[in-house]
Amino acid sequence: MRERLQPGAVIDGFRVGECLHKGGTGYIYRVTAPPEKEPGFPLVMKAPALGPGEPTIGIDSFEIEQMILPTLTGASVPRFVAAGDLTATPYIVMERIDGQGFEQIIALAPLPAEEVARIGSALADAVHSVHTQQVIHLDLKPENVMLRPTGQAVLLDFGFARHAHYPDLLAESKDFAAGSAAYVSPEQLQHDRSDARSDLFALGVLLYELATGRQPFGEPQTYAGMRDRLWREPIPPRALNERVPPWLQEIILRCLEHTAAARYQSAAHISFDLRHPEQVVLTARADRTEGASFFPQFGRWWRSRRDQHVLGGRQRIAAARAPVIMVAVDTEHLDDERHPSLQLATRQLVAINPEFRLMCVSVVRAAPLGEGPADIDTASGKHLEHKTRLRHWVEPLKLPSSRVSLHVVAAANATGTLLDLARANHVDLIVLGAPGPAQRALGWWRSVASSVTASAPCSVYVVRVPERASEPSPD
Amino acid sequence: MHYTPAGARALRIALLSDIHANTQALTACLRHADERGAQQFAFLGDFVGYGADPSGVVDIVIRYAAKGAVALKGNHDQAVEKSAGYFNETAMAAIEWARKTLSDEQKRFLASLPLVARDGTVCFVHASAASPERWDYIDSPSAAKRCADAANAFYTFCGHVHDQLLYFENASGGMSEFRPVPGAAIPVRSQRRWVAIVGSVGQPRDRNPAAAYTLFDRTREQITFYRVPYDAMAAADRIRKCGLPESLACRVELGI
């Protein structure tokens, strides 16, 4: 029906250059914009593969990408520039990403754990960014991921994606609309395209590949082969590469859990764990050294058959309901009258968010240059002391340790430190104390609470000790 | 207000259905649509029944229709002139109220309304384009498919069912349903068929009393379903004051 575009052709002002790539659902060409549309960054044009012998899913996928890509912002996606009429000349013009393809990186696997964590957390950041914009990618695989020179990951090809506010054009598709065999989640195999945690499963497959150089479920050619992942345990990464540390295996296998409820509930939590390996709470997953034996596998296989028809009632968990909450605790003054109020506020906030992660942060003054003889005066001694105080502070809340992390940071500027931590860890809510009576004389605008509130990338909960009714003066 | 004469291609069309004699709700929706640049209006029927002010609503519709708005007949409008399908006791009480309060001229207007209207690739109907006179509910993807087949249009807008819903042609040629998020513009490209249930202005039934209507932007090919808060307490009070059954007042107050 439609010839592929010829170099030199001009479409709606865009001059077509060389064909850079032919993928499953379309062609990618280098293009240049007319002067009046020049966006100031390099461009590509994506055109669908149409015509005899091409899958009909191509045009539906293309329509989906035209619906979803323009709604997405941020460095995690190529910037959208223009789209052509689907009935006349379907195309999408978008930013050309100059960076490293994920396929090139995977080719170097197995990678050291620190590299897996660095690349994996960038990827988790990108997935989280898209999830917070109401979109599930549903086709994460090496071909659809690139790394910018800055190290940020970019997700490509939203042709199988799902936007929570738009109808799913691939609903009830007879064609296989679930994504790619090696990466597809158990839910997708059961025709459920509405669970953001499917992307976290695919992310787990990518992490597994980076850490071991192998795919956890291979690349099955048949539907029956793909369905194995509904019950089969992958070989633990440490059995394939003994240099994989327990914390990394814990993260990877948690992403690859069969039931979405047993996985991480937010990409932000995965990113957090990859950035703070020392805070990962290890479970039996971390110790596994061989695949499960016959009987447990058989039990899961049986349950997976039984559970097929009850999937519809499963609860979806949006990233918004799995928040990262950061509470700033002044461990220099543990007897401050504001602590009980701050603890109460934190207790209430985590109670209404069952899937929370709580970061307890103490910013302490940097250690003096001349260290004294006592342990508390050395940098490491001071760090340990404040970490102990932080643990003591959060202990009365009786929270599971897997949901809590403790951070002691030595820095002169508390505001900047808190804001940097909030940005780096996708914090959804910062909880901190209002200035106490002693500081109130300084003026609100000079307080940490006011400057954090002014510049925070998220909501801020400023906790104040309720004013007591003024007591009658003695005279 | 700006109107585009009938026949000219309106860019942004407000779709209002199942107003049910609720002037407060209708006025709120019309103001809301006006603020969002609606250039044409389509009233998809059921202007009377259930509510206190049939005459007020019909007057507004007559005024808009005179300036080119689409106005269609619903089963409650038809019941004013003759029995139209099954009505329970409370619904019948409201029809009696409409018969009593509408002028002859207003009754003639209702009787003169068509069941279906078309404008190029768009079809408007109160119930289903497949035998509109049977007042069948579009309550399943297969009912939506029958409607789309009969409408022979890319876009079909219906009322009758009070909950907002968007049916769309899926990859296997059948129809699927999508529950819209109020206020979110949905891209609706014209190479597939869409059946939108626009919601009820005057008697929503999803436990949210806010009035419901829909805007269709023809140029951008976007449909936005809206919920508009209005003084439902006042509308319920009017129902009580004119002696209609208490259950009708409760429905409006609670959106049930």
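All heavy atoms count here, side chains included; hydrogens, waters and symmetry mates do not. Worth saying up front: this structure is predicted, and the values here are computed from it rather than measured. By convention in this document, chain letters (A, B, ...) are assigned in the order of the sequence lines, proteins followed by strands, and residues within each chain are numbered from 1.
Dense packing is recorded around CZ of B/R36, with more than 12 heavy atoms of other residues, nucleotides or ligands lying under 6.0 Å away. Taking a 6.0 Å sphere around CG of B/N152, one finds it holds 12 or fewer heavy atoms contributed by other residues, nucleotides or ligands.
Put simply, OG on B/S190 and CG on A/D85 are 7.0 Å apart, with the number rounded to the nearest 0.5 Å. To the nearest 0.5 angstrom, A/I59 atom CD1 is 11.0 Å from B/R189 atom CZ. Distance CD/A/E63 to CD/B/Q191: 4.5 Å, rounded to 0.5 Å.
Minimum interatomic distance between A/P167 and B/W194 (heavy atoms only, all atoms of both residues): CG-CZ3, 3.9 Å. When all heavy atoms of B/F178 and A/R162 are compared, the closest pair comes out as CE1-NH2, 4.1 Å. Considering all non-hydrogen atoms of both residues, B/P187 and A/Y166 come closest at CD-CE2, 3.4 Å.
Both the backbone and the side chain of B/I186 have a heavy atom closer than 4.5 Å to some heavy atom of chain A. Contact of B/R192 with chain A is made through the side chain alone, with heavy-atom distances under 4.5 Å.
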